[in-house]
Amino acid sequence: MAKVPRDVVVVVDEAYLEFTTDEAVPDALSFYREHPNVVVLRTFSKAYGLAGLRVGYAVAQEEVATALRKAATPFGVTDLAQQAAIASLAARDELMVRVEQLVAERERVHAALVEQGWDVPAAQGNFVWLPLGEDAVPFAQACQARALTVRPFAGEGVRCSIGETEANDRLLGIAGEWLHSRE
């Protein structure tokens, strides 16, 4: 950060912060405190489950925050979204219980994929990544045929959201079959 010119804004997106268990993940708010050009973005879309309401916030120094306000869409966040965000903050203890459950399920799915033979990167969000390359779209189609939706990135891989145990088990079954059919 010391090498970044002060007139260059550095944005740190912490959309998946609540799911992070890696101790090595840096504290973005400390960067913000030390460097006036750092902006930290947070959202209620992921852990809070308010994706459809499109509500989040930026932590920024006054000069940057003023510029952001000038560029923001007027009335971009509805009253309903604001009320839901406030209610979510009031229910933080319940949120953290759900996050812990999701993280445990994510770790279970990750371990099972590794055991199957997948080279899966460690996950710190609410999903796992399957590096399928050119097989991303066909894999997603195979999942869809079995009533499971994953998000393919053509030529790269597939983002598999962690959901209910039953859905995750279906993913593991499809992934195991897919991997072994390629041997």
Side-chain angles (χ1 to χ4, degrees), residues 1-107 109-110 120-131 136 140 149-164 168:
M1 283 301 307
K3 293 181 181 181
V4 176
R6 291 177 101 49
D7 64 335
V8 173
V9 176
V10 176
V11 178
V12 181
D13 182 351
E14 290 193 323
Y16 298 97
L17 177 67
E18 291 82 3
F19 302 110
T20 304
T21 57
D22 186 344
E23 298 289 328
V25 171
D27 177 11
L29 290 179
S30 70
F31 286 139
Y32 151 79
R33 288 183 195 99
E34 295 170 22
H35 305 279
N37 57 330
V38 170
V39 177
V40 179
L41 300 181
R42 297 212 173 148
T43 182
F44 288 87
S45 295
K46 308 300 181 204
Y48 290 89
L50 301 179
L53 297 179
R54 299 291 183 216
V55 62
Y57 59 96
V59 178
Q61 300 296 332
E62 187 173 345
E63 183 180 344
V64 176
T66 299
L68 287 172
R69 280 189 210 96
K70 289 178 182 176
T73 304
F75 311 108
V77 178
T78 66
D79 184 58
L80 174 64
Q82 291 176 37
Q83 295 302 320
I86 291 167
S88 293
L89 290 171
R92 179 122 177 116
D93 291 344
E94 294 171 42
L95 167 78
M96 294 316 295
V97 168
R98 286 194 317 272
V99 166
E100 287 174 16
Q101 292 168 342
L102 189 142
V103 167
E105 183 66 4
R106 177 192 73 204
E107 296 304 319
V109 170
H110 181 268
V120 185
Q124 292 296 308
N126 62 346
F127 61 91
V128 293
W129 174 259
L130 294 178
T149 302
V150 296
R151 185 173 178 199
F153 292 81
E156 295 181 34
V158 177
R159 179 189 191 278
C160 307
S161 295
I162 299 298
E164 299 80 18
N168 297 330

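- Across all their heavy atoms, Ala60 and Ala65 have their closest contact at CB-N, 4.0 Å.
- For the atom pair Tyr57 OH and Leu68 CG, the distance stands at 14.5 Å (nearest 0.5 Å).
- Judged purely by atom type and a 3.5 angstrom limit, Gln61 has no side-chain atom pairing as donor or acceptor with the backbone of Val38.
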From CA spacing to verdict: side chain to side chain contact (heavy atoms under 4.5 Å, CB included), Arg42, Val59
CA-CA 8 Å; Arg42 297 212 173 148; Val59 178; 5.5 Å; no
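- Judged by distance alone, with hydrogens and angles left aside, the side-chain atoms of Arg106 form a donor-acceptor pair with the main-chain N or O of Gly125 at under 3.5 Å.
- A donor and an acceptor atom, one from each side chain of Tyr48 and Arg98, are nowhere located under 3.5 Å apart.
- Proximity of a side-chain donor or acceptor of Asn168 to a complementary backbone N or O of Ile162 within less than 3.5 Å is not detected.
- Taking CZ of Arg159 as the start and CG of Leu130 as the end, the distance is 12.0 Å to the nearest 0.5 Å.
- Within the 4.5 Å cutoff, the side chain of Val10 has heavy atoms near those of the Met1 side chain.
- Considering Leu50, Val77, Ile86 in turn, Leu50 is the only one that fulfils the side-chain contact (heavy atoms from CB on, under 4.5 Å) rule with Phe44.
- The two atoms that bring Asn37 and Pro5 nearest to each other are ND2-O, 3.3 Å, heavy atoms only.
- Side chain of His110 to main chain of Val120: a donor-acceptor pair is present (N/O by atom type, distance under 3.5 Å, no hydrogens or angles).
- In this view, Phe19 satisfies the ring-ring contact (aromatic ring centres under 6.0 Å, His included) rule with no residue, not counting sequence neighbours.
- Note that CZ of Arg92 is 6.0 Å distant from CG of Leu95, once rounded to the nearest 0.5 Å.
- The minimum heavy-atom distance between Gly155 and Ala136, with the atom names listed, is N-CB, 4.4 Å.
- Atom OG1 of Thr43 is separated from atom CZ of Arg54 by 8.0 Å, given to the nearest 0.5 angstrom.
- Residues Val40 and Ala28 approach most closely at CG2-O, 3.6 Å, considering heavy atoms.
- Within the structure, no pair that satisfies the salt bridge (charged side-chain N to carboxylate O under 4.0 Å, His left out) test touches residues 17-40, not counting sequence neighbours.
- Partners of Phe31 under the ring-ring contact (aromatic ring centres under 6.0 Å, His included) rule, at least two apart in sequence or in another chain, do not exist in this structure.
- The backbone N or O of Gly163 sits nowhere less than 3.5 Å from a side-chain atom of Glu105 that would complete a donor-acceptor pair.
- Of all non-hydrogen atoms in Ala84 and Leu53, the two that sit nearest each other are CB-CD1, 3.6 Å.
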